[in-house]
Amino acid sequence: MSSLLPFDSLLCNLLGLSVTLWITLLLVFIIVPAIFGVSFGIRRLYMKTLLRIFTWATLRIERGVKENSHTLYKPLTNGIIAKESTSLEESMGELRSSGRAVNKPEFELSDIFYFCRQGMESIMDDEVTKRFSAEELETWNLLTRTNYNFQHISLRLTVLWGLGMLVRYTFLLPLRIALAFTGVSLLVFGTTLVGYLPNGRFKEFLSRHVHLMCYRICVRALTAIITYHGSENRPRNGGICVANHTSPIDVIILASDGYYAMIGQVHGGLMGIIQRAMVKSCPHVWFERSEVKDRHLVAKRLTDHVQDKSKLPILIFPEGTCINNTSVMMFKKGSFEIGATVYPVAIKYDPRFGDAFWNSSKYGMITYLLRMMTSWAIVCSVWYLPPMTRREDEDAVQFANRVKSAIARQGGLVDLLWDGGLKREKVKEAFKEEQQRLYSRIISGNQENRSRS
């Protein structure tokens with residue numbers, strides 16, 4: 001029995017040394033750089049190494065497919081094809097016997113085929129539904145969540161995939177969980193302490209740096225590699241920052257480079273603890289569940305906030321739901337009605353390293369975060385666009401569409417007019433009525449115009 005004591009003592013010493021080394025590495029290479037906002041370039045070197053591995057793996061896949069033509073192969077090309085838009089008159093004119101644009105205000109039997117074709121195209125190539133599924137890749141990233149067949153094409157690929165899974169689950173995942181716990185704990189503890197200080201510049205200074213430090217630690221918990229463009233256009237006090245929405249981590253991506261007032265519904269549990277701590281040190285805008293649907297109350301709270309030029313810019317995602325980062329869908333007009341300066345921000349993720357899109361109808365928050373923490377990395381680009389204000393000759397909807405178009409153009413995203421809420425709701429009657437109105441103009445509108453003239 002006594003002979004085991006030296007071994008137990010040695011084991012305890014090794015364990016203590018390992019924990020000390022682990023904490024030292026966290027402090028030196030992650031936490032301290034996050035406090036001062038510096039980077040050693042390790043993550044970018046890691047990203048370049050992954051790109052080389054992905055390229056090699058894709059070449060092995062292509063070679064394996066050629067050698068084994070019977071292997072089930074799913075093309076790795078993006079299935080989103082932009083169609084050249086045509087008007088209702090032009091499309092219907094192609095189906096009529098003349099083959100020209102509609103110039104007779106009358107009904108023809110061939111008009112039925114236009115609506116049949118539109119219905120079939122909507123089923124086969126639905127512009128809305130495919131925005132809520134994972135973006136397809138041009139290269140395989142050694143994750144079976146993107147394709148379940150490729151790891152079996154060759155022995156080398158199988159070994160590489162197995163090693164990658166071992167690294168992600170035994171090294172990266174524990175490290176990321178430790179960092180996430182550290183970041184969230186410091187956020188709650190730090191903002192609570194700052195909240196007891198009297199209001200003033202010193203409190204604002206501490207609050208800003210506590211928020212930035214904690215969000216930067218959380219960014220490192222995802223091995224996020226972010227490139228910011230146009231820093232001179234960062235949102236300023238008294239304005240509204242609007243961005244396209246792909247994931248809950250959009251907030252962390254933006255808040256690690258700027259200081260924002262958040263807006264949202266009051267939650268319970270861990271999220272509620274974080275919200276209550278944050279609002280003590282910073283004027284965030286939280287609504288009770290019963291207040292969220294009161295548009296006038298929400299608009300008044302937003303207006304009161306932005307009219308005070310000493311308060312932080314509000315961070316809003318006007319789409320109201322997460323889109324798969326291939327497009328930008330309809331912006332809700334509420335945040336564009338209050339007359340504040342709008343600071344557009346475009347966020348574009350690189351899906352080769354990990355799919356940041358949150359399909360909330362398929363995955364819960366815990367499952368989603370686990371998928372993020374077992375991905376290779378989160379790589380994205382953020383563009384701060386020049387501030388925009390509402391023109392005298394446009395309403396809130398037109399202003400929202402102009403901002404949305406600017407974000408889509410900068411981020412290389414498809415600009416869609418559809419409401420993202422359609423993934424959970426039926427098509428509004430207004431959309432159906434609009435198609436009926438356009439067709440009624442064709443068969444009766446021209447005749448009415450002639451009688452008036």
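Model, not experiment: these values are computed from the prediction.
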[X] vs [Y] side-chain heavy atoms within contact, under 4.5 Å:
X: Val210; Y: Leu193; answer: no
X: Phe353; Y: Ser375; answer: no
X: Leu163; Y: Val159; answer: yes
X: Asn237; Y: Pro313; answer: yes
X: Tyr343; Y: Asn233; answer: no
X: Val382; Y: Val345; answer: yes
X: Ile274; Y: Met278; answer: yes
X: Tyr384; Y: Tyr228; answer: yes

Smallest separation among heavy atoms of [X] and [Y], with atom names:
X: Pro248; Y: Met365; result: CG-CE, 3.8 Å
X: Gly411; Y: Ala346; result: N-CB, 4.1 Å
X: Gly238; Y: Lys309; result: O-NZ, 3.7 Å
X: Met388; Y: Phe399; result: O-CZ, 3.8 Å
X: Lys203; Y: Val194; result: CE-O, 3.5 Å
X: Ala224; Y: Ile253; result: CB-CD1, 4.4 Å

From [X] atom [atom1] to [Y] atom [atom2], the distance as rounded to the nearest 0.5 Å:
X: Ser281; Y: Tyr196; atom1: OG; atom2: OH; result: 12.0 Å
X: His305; Y: Thr303; atom1: NE2; atom2: OG1; result: 11.5 Å
X: Ile263; Y: Leu302; atom1: CD1; atom2: CG; result: 4.0 Å
X: Cys218; Y: Ile252; atom1: SG; atom2: CD1; result: 5.0 Å
X: Met262; Y: Ile314; atom1: CE; atom2: CD1; result: 11.5 Å
X: Met213; Y: Leu186; atom1: CE; atom2: CG; result: 5.0 Å

Those residues that, when tested against Ser310, pass side-chain hydrogen bond (donor to acceptor under 3.5 Å, both in side chains) (two or more places apart):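 Ser310 satisfies side-chain hydrogen bond (donor to acceptor under 3.5 Å, both in side chains) with Asp308 only.
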Checking Asn401 now: which residues fulfil side-chain hydrogen bond (donor to acceptor under 3.5 Å, both in side chains) with it, not counting sequence neighbours?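 Asn401 satisfies side-chain hydrogen bond (donor to acceptor under 3.5 Å, both in side chains) with no other residue.
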Looking at [Y], is its backbone amide N or carbonyl O close enough to the side chain of [X] to form a donor-acceptor pair, meaning the two atoms are under 3.5 Å apart?
X: Arg301; Y: Trp286; answer: yes
X: Arg371; Y: Thr367; answer: no
X: Tyr46; Y: Trp376; answer: yes
X: Thr170; Y: Leu166; answer: yes
X: Glu319; Y: Met329; answer: yes
X: Lys348; Y: Gln410; answer: no
X: Tyr363; Y: Leu369; answer: no

Restricting to salt bridge (charged side-chain N to carboxylate O under 4.0 Å, His left out), what partner residues turn up for [X], sequence neighbours left out?
X: Lys362; answer: none
X: Arg390; answer: none
X: Asp257; answer: Arg234
X: Lys333; answer: Glu337

CA sep, side-chain torsions, deciding dist, call: Arg220, Thr182, side chain to side chain contact (heavy atoms under 4.5 Å, CB included): CA-CA 11 Å; Arg220 284 161 170 79; Thr182 302; over 6 Å; no
With under 30° as parallel and over 60° as perpendicular, where do the rings of [X] and [Y] fit, or are they tilted in between?
X: Tyr259; Y: His211; answer: tilted
X: Phe336; Y: Phe331; answer: parallel
X: His245; Y: Phe317; answer: parallel
X: Phe205; Y: Phe202; answer: parallel
X: Trp383; Y: His229; answer: parallel

Pairing donors with acceptors under 3.5 angstrom, does anything connect the side chains of Thr223 and Arg176?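 Side chains of Thr223 and Arg176: pair found under 3.5 Å.
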Can Asp250 and Tyr349 be counted as having a side-chain donor-acceptor contact under 3.5 angstrom?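 Distance-only check passes for Asp250 and Tyr349.
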Can you tell me which residue among Thr326, Asn325, Asp355, Asn324 is in a side-chain hydrogen bond (donor to acceptor under 3.5 Å, both in side chains) with Thr246?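 Result: among Thr326, Asn325, Asp355, Asn324, Asn325 is the only option passing the side-chain hydrogen bond (donor to acceptor under 3.5 Å, both in side chains) with Thr246.
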Going through the checks in order, is the side chain to side chain contact (heavy atoms under 4.5 Å, CB included) test met by Ile273 and Val188? CA-CA 8 Å; Ile273 295 174; Val188 173; 4.2 Å; yes
Applying side chain to side chain contact (heavy atoms under 4.5 Å, CB included), run through Arg402 and Val342 and close with a yes or a no. CA-CA 11 Å; Arg402 183 161 61 91; Val342 171; over 6 Å; no
Determine, stepwise, if the pair Ile407 / Leu385 fulfils side chain to side chain contact (heavy atoms under 4.5 Å, CB included). CA-CA 8 Å; Ile407 291 175; Leu385 305 181; 4.2 Å; yes
Is it true that Arg409 and Asp415 have a side-chain N and a carboxylate O under 4.0 angstrom from each other?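 Salt bridge flag = no for Asp415 with Arg409.
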